[in-house]
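Have a look at the structure below before the remarks.
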Amino acid sequence: MISKENIEPIQFLFEQDLLEAIQKVGTIKQVPKGEIMIDLGEHIQFIPLLLDGAIKVVREDDSGEELLLYFVEFGNTCAMTLNCCLEDTSSEIRAICEADTTLIMVPVTYMDPWLAQYRSWRNFIFESYQNRLNEMLKAIDALTFLKLDERLEKYLSDKSKVSKSASLKITHLEIAMDLNSSRVVISRLLKKMENQGKVVLGRNTIKINI
DNA sequence: ACATTAAGTGATT
DNA sequence: AATCACTTAATGT
């Protein structure tokens, strides 16, 4: 049973009956930063509803390199996971905690009945798909049309949004891995951005001024 | 003081 | 834009 305080931040999303149902069947899960929540090939048993924190969703290419797909933020759920629930297939993606995260886990068995029963649930699922589809299109655009320097700027602003801070604690190497690039290139681009006054660099830290 | 890790740089492909 | 080879700077032990 989930307490009222825990459900509170999500209240605006669902109708009262459904909120009560979520409280009854859901469980709260706390996941520390850096933990892998879902890995490739795993079967999904729970639908995650994100209360706080952020989750990074990546795909792995043939050479074992991770490619950043998108971040899951507050009030959202992972569309890829939903897909797996509906199709009952295994995960195509890996989900890693970007920050300490709390979420509600709802067993997948409620997916179908709730779709039939609750209007707000349908809307929620539908909107998640819609949002994700849009973001995926943007991600594809970014990969094919944006140059690395533009991708880097987008990456940094996404990051600071997700961590609610203009000062990121991250190394150039980590950025390079997320963007499928090399550390040297990232260092040079960051240097350029620093000269343009867009960022301030320090060891393990980047301050954003955009 | 020394080793380790992060970041900067020139040259090459 | 990537890789190599090397330097410099910051941090941990």
Side-chain angles (χ1 to χ4, degrees), chain A residues 29-42 48 50-74 76 78-81 83 90-103 131-210:
Chain A
K29 193 176 183 190
Q30 307 252 12
V31 189
K33 180 178 177 176
E35 181 153 312
I36 296 177
M37 301 184 50
I38 300 164
D39 210 338
L40 280 80
E42 277 182 16
L50 203 134
L51 292 179
D52 189 32
I55 297 170
K56 180 168 83 168
V57 178
V58 300
R59 190 165 168 68
E60 199 168 86
D61 72 5
D62 16 301
S63 55
E65 290 292 307
E66 282 184 354
L67 173 64
L68 176 71
L69 289 182
Y70 52 80
F71 292 106
V72 181
E73 293 172 74
F74 162 72
N76 269 119
C78 172
M80 287 306 293
T81 304
N83 203 30
S90 51
S91 177
E92 297 284 323
I93 50 90
R94 169 179 296 156
I96 304 167
C97 271
E98 180 71 15
D100 290 347
T101 295
T102 49
L103 16 85
N131 283 340
R132 201 46 61 201
L133 194 57
N134 281 336
E135 283 218 28
M136 288 291 244
L137 282 179
K138 274 192 237 157
I140 292 174
D141 279 356
L143 272 177
T144 50
F145 300 128
L146 293 184
K147 296 183 220 109
L148 188 53
D149 54 351
E150 292 170 309
R151 281 211 286 149
L152 177 59
E153 287 193 30
K154 177 174 165 17
Y155 174 85
L156 291 175
S157 65
D158 279 359
K159 268 270 202 204
S160 71
K161 206 185 300 166
V162 148
S163 66
K164 300 181 195 94
S165 155
S167 185
L168 302 177
K169 197 188 156 298
I170 192 170
T171 69
H172 298 184
L173 179 64
E174 286 170 321
I175 299 172
M177 293 200 305
D178 275 346
L179 296 180
N180 278 18
S181 178
S182 62
R183 195 228 92 211
V184 220
V185 173
I186 298 298
S187 291
R188 287 192 169 127
L189 288 174
L190 283 171
K191 193 91 250 168
K192 209 195 295 172
M193 288 176 69
E194 188 176 40
N195 291 333
Q196 293 166 359
K198 291 177 180 169
V199 291
V200 178
L201 302 177
R203 190 182 166 92
N204 284 317
T205 54
I206 298 172
K207 269 182 232 137
I208 320 272
N209 298 326
I210 311 173

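Naming: A, B, ... by sequence-line order, numbering from 1 per chain. Everything quoted here is computed from the prediction, not taken from an experiment.
Residues satisfying the side chain to side chain contact (heavy atoms under 4.5 Å, CB included) criterion with A:Asn204, sequence neighbours excluded, are A:Thr171. A:Lys192 meets the side chain to side chain contact (heavy atoms under 4.5 Å, CB included) test with A:Leu189, A:Gln196; sequence neighbours excluded. Listed by chain and residue number, nothing satisfies the side chain to side chain contact (heavy atoms under 4.5 Å, CB included) test with A:Arg203 (two or more places apart in sequence, or in another chain). Residues forming a side chain to side chain donor-acceptor pair (under 3.5 Å) with A:Lys169 (at least two apart in sequence, or on another chain): none. Legend: residues meeting side chain to side chain contact (heavy atoms under 4.5 Å, CB included) with A:Ser90, ordered by chain and number and at least two apart, are A:His43. Residues passing the salt bridge (charged side-chain N to carboxylate O under 4.0 Å, His left out) test with A:Glu35: none are found, sequence neighbours excluded.
Of all nucleotides in DNA chain C having an atom under 4.0 Å from a heavy atom of chain A, the first and last in 5' to 3' order are C:dA1 to C:dT11.
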Summarise protein proximity over nucleotides 7-13 of chain B in one line of letters, 5' to 3': B for base, S for sugar-phosphate only, - for none, counting protein heavy atoms closer than 4.0 Å.
BBBBB--
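Residue pairs satisfying the side-chain hydrogen bond (donor to acceptor under 3.5 Å, both in side chains) criterion with at least one member in residues 92-101 of chain A, sequence neighbours excluded, are listed as follows: A:Asp39-A:Arg94, A:Glu60-A:Arg94, A:Glu66-A:Arg94, A:Glu98-A:Lys159.
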